[in-house]
Amino acid sequence: MRRGIAAGVAAALLCAAALTGAFGVLLESALRAHGSADRYERAVAVVAASQRVEAVRRGNSDQTDARPLLERARVPASVADRVRAVPGVTEVVADVSLPVVTADGAVTTGRGWDATALTAVTVRAGRAPRAEHEVAVDSGSGSAVGDTLRLQVGGRAPEPYRVSGLVTGGSAAGHDVWFGQRTAQALNGRPGHADALVVLGTKETSVQALRAAAPGLVVATGADRGDVENPEVAAARLDLIGVCAAIGGVALLVVLLIVTGLLDVSVRDRTRELAVLRAIGATPRQVRRVIVRETLKVAVPASFLGGLLSLGLGTLLHRFMAEQGVLPPGLGLALGPLPVVGALALAVLTALGSAWLAARRVSGIQPAKAVSESAVEPTRLPRWRMVTGLVFLAVGLGSAATAFALGGQVAGAAMGGLVLSLIWAAALLGPWIARAGIAVLGPVMRLLFPVPGRLATDTATAAAVRLASVVTPIALALSFGASQLFVQTTAVNATRTQAAAGLRADHVLVSDGPGVPRDMYQAVRETAGPGAVTAVKRTTVVMQVADQLQSLPTQGLKGTLSNLDPGVKAGSLKGLRGTNTVALSSNVGSTDDVGSTVSLWLGDGTVIRPTVVAVYGRGQGFGDVLLPHDVVAAHVTDAGHDDYLLVKGEADLRPVLDRFPGTHATSAGQYSAALTETARRQGLPGLFAVAAISLFTLIGVVTTLAVATASRRRELALLRLIGATRGQVLAMLRLETCFVLGTGAVVGSLVAAVTLLTFGGAVTGLSALSVSPSVCAAVLGTVFLSGMAAVMLPARRLLRRRRSPRIA
């Protein structure tokens, strides 16, 4: 392998290993990370309800789907009596926590008094709270025993609480407000239940005996205790594993496509040398072994270095996601050797497989024909390549048709496969595409630039197979980058437009704290009128969609429904009442579902089977599921607060807002903008991954073009020998590069257009499509400038190398 080509292959493999290894770092972090067990550090075990939903796929008992629960699933406090009877258990603490808003709007945490046993909190003055309106606070809070504090807790309006005691000690004592145990459970909205049962005991405490005493519940020990204390970490871990698997799989396929094309160009550059080996008696196996061995010498060090760099890239990706709030603070970074080893193995195996495939044609030439066949480029596609390309094309178009037909979550899931299927079809049918591009652009080039245009057309026509190896990465860079980028922006735009079109209220009441207190709904009704207010409680439910469990954004509604218009397509929201009804968006349901029943897992894992009363179209703006408010509120972590109130009319709400600290009013437009910003932030990890994959693809484009140009030194020398001037050869290369870049741009744009139109038509609506002309121009300009530089720089160096060119 020549030095320049080896450098290009090494650069591509280094980037490939760094890219795949970075997602490996995130995957390892998701597999190894646990929430920190701070308050539960002294526990021998923690008894809690499961925070995940599992279901067997229909018709396949071997495959089980799992989704995390984003709301706290609580444990019956009565289980503590059975756990206390286990030998070795010294105490069982029913841990209860709830948000508290002080008179100045600050948010803190309220806890049941029994939890003081976990944090070594002791009473410094006064006594523990006993009565309903008594609390204990930290001795450094500035309060004294007997003082009265106005606290907003449990969804109630601010009420006076007497300070019965001052406490000290414990890592979180300065931030907590302590209530009597029964009071905390009542304020938490689930009397008789606790967040978890924390078991204190001796080394003789048997985990098996604890599990027997708490059937159907989770008994967490060791690092798993931190997952119970921080359930958001466990939920994020499961989601992160799925994201890394999906994006990592796409990255691996992109790597395979780029490296295969690059090594194909490399092997074609050595066709004459390898043909001579066949002519003098080398067997096909020996020729392939030469190519694979030389590829291995380049692949191992480059992939190893890329694997090491992936640790830093993965760290940056983890930090970025944490800073954007996508990852919870407790999900730490885990660095180990596995991502390096995995990236090294994947990159090396990809390189070896690609080298073996690229070597098949030249190694299979008959010895008597080897030298003569190596002198010309192949002009026909192998039958297997033609058939496989047509199959991928059919799969891609079939995915688009399926997405249009089924829509919703199915269409969203089909986007990645749609892009890759069409790109693989373009890669396999590349020579046909290249010839089509030459046929269209060739006459124009010959007319505008007679001599270099004819040279460029003739050379491109003769080397259509080689050009296909260059067109493919260009099409991949444009199609993948543009389609994934604009799918994200289209989804965000759909959220904005649907929320703006569907919010009919004049005011939206929100809170800077845990939410709008439940009592505020009644206070606003008394001020604005009973037909003017809608309370909205958000949650996430789990539903089986297209034979897979999906976590769906959900809203619980109470009061008048005229404040919002989700775009009902079938049925009526008037039937959304009681405890056994539901409305679905067209993303997860169809108009035929009205009147049928569906199975839903609520936020805490409770299963319900409500009747579908309506199907609506604005799922991006209002979530995929609408439920009666009380059904949602009974199964969420914080039952005492709503997310926002919608109010119609011009009533003076200032007295109500002054009564509830931390609340304020905003307009429907401002609230829609806030939803848009939230949707944009949630899509940032995907955009980051798209940027990383697109950057690697661009590097592959530049490397492939540079390697392909460097491999043409004999051809360029021949042109100079037969009388072409240096300027004519350079002009020919510029025009030929325009052939390649133009064809790749057209193919990539077509694939991106099919993807975006499919996504818009099936998921968000074509009116929500958001494609920025300036971004398109920037992407095309970057690809064209990079591609032109990758061709012209090595070409100028080759043509400057010797005054009297000769054929090497």
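Count residues from 1 along the sequence. What you see is a predicted model; the values in this text were computed from it and never measured.
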Separation between [atom1] of [X] and [atom2] of [Y], rounded to the nearest 0.5 Å:
X: Leu750; Y: Thr755; atom1: CG; atom2: OG1; answer: 10.5 Å
X: Thr490; Y: Leu485; atom1: OG1; atom2: CG; answer: 9.0 Å
X: Met543; Y: Leu552; atom1: CE; atom2: CG; answer: 7.0 Å
X: Thr591; Y: Leu584; atom1: OG1; atom2: CG; answer: 12.0 Å
X: Phe449; Y: Leu735; atom1: CZ; atom2: CG; answer: 5.5 Å
X: Leu313; Y: Phe23; atom1: CG; atom2: CZ; answer: 8.0 Å

Sorted by first residue and then second, give each side-chain hydrogen bond (donor to acceptor under 3.5 Å, both in side chains) pair with at least one member in residues 774-789; sequence neighbours left out. Ser772-Ser774

Judged by atom type as modelled, is there a donor-acceptor pair below 3.5 Å linking the side chain of [X] to the main-chain atoms of [Y]?
X: Ser310; Y: Gly307; result: yes
X: Ser590; Y: Ser586; result: no
X: Thr489; Y: Ser770; result: yes

If you compare all heavy atoms of [X] against all heavy atoms of [Y], which two are closest, and at what distance to 0.1 Å?
X: Gly623; Y: Ser585; value: O-CB, 4.0 Å
X: Ala745; Y: Phe784; value: CB-CE1, 4.1 Å
X: Gly396; Y: Leu422; value: CA-CD2, 3.9 Å

Compare all side-chain heavy atoms of Gln544 with those of Gln550 and state whether any distance is below 4.5 angstrom. no

Using the test side chain to side chain donor-acceptor pair (under 3.5 Å), find all partners of [X] that sit at least two apart in sequence or belong to another chain.
X: Arg618; result: Asp565
X: Thr20; result: none
X: Arg496; result: Asn493

For [X], check side-chain contact (heavy atoms from CB on, under 4.5 Å) against everything at least two apart and list the hits.
X: Leu346; result: Leu252
X: Leu344; result: Ser303, Phe304, Val348
X: Ala494; result: Gln498, Gln620, Thr764, Ala768
X: Thr737; result: Leu741, Met788, Val791

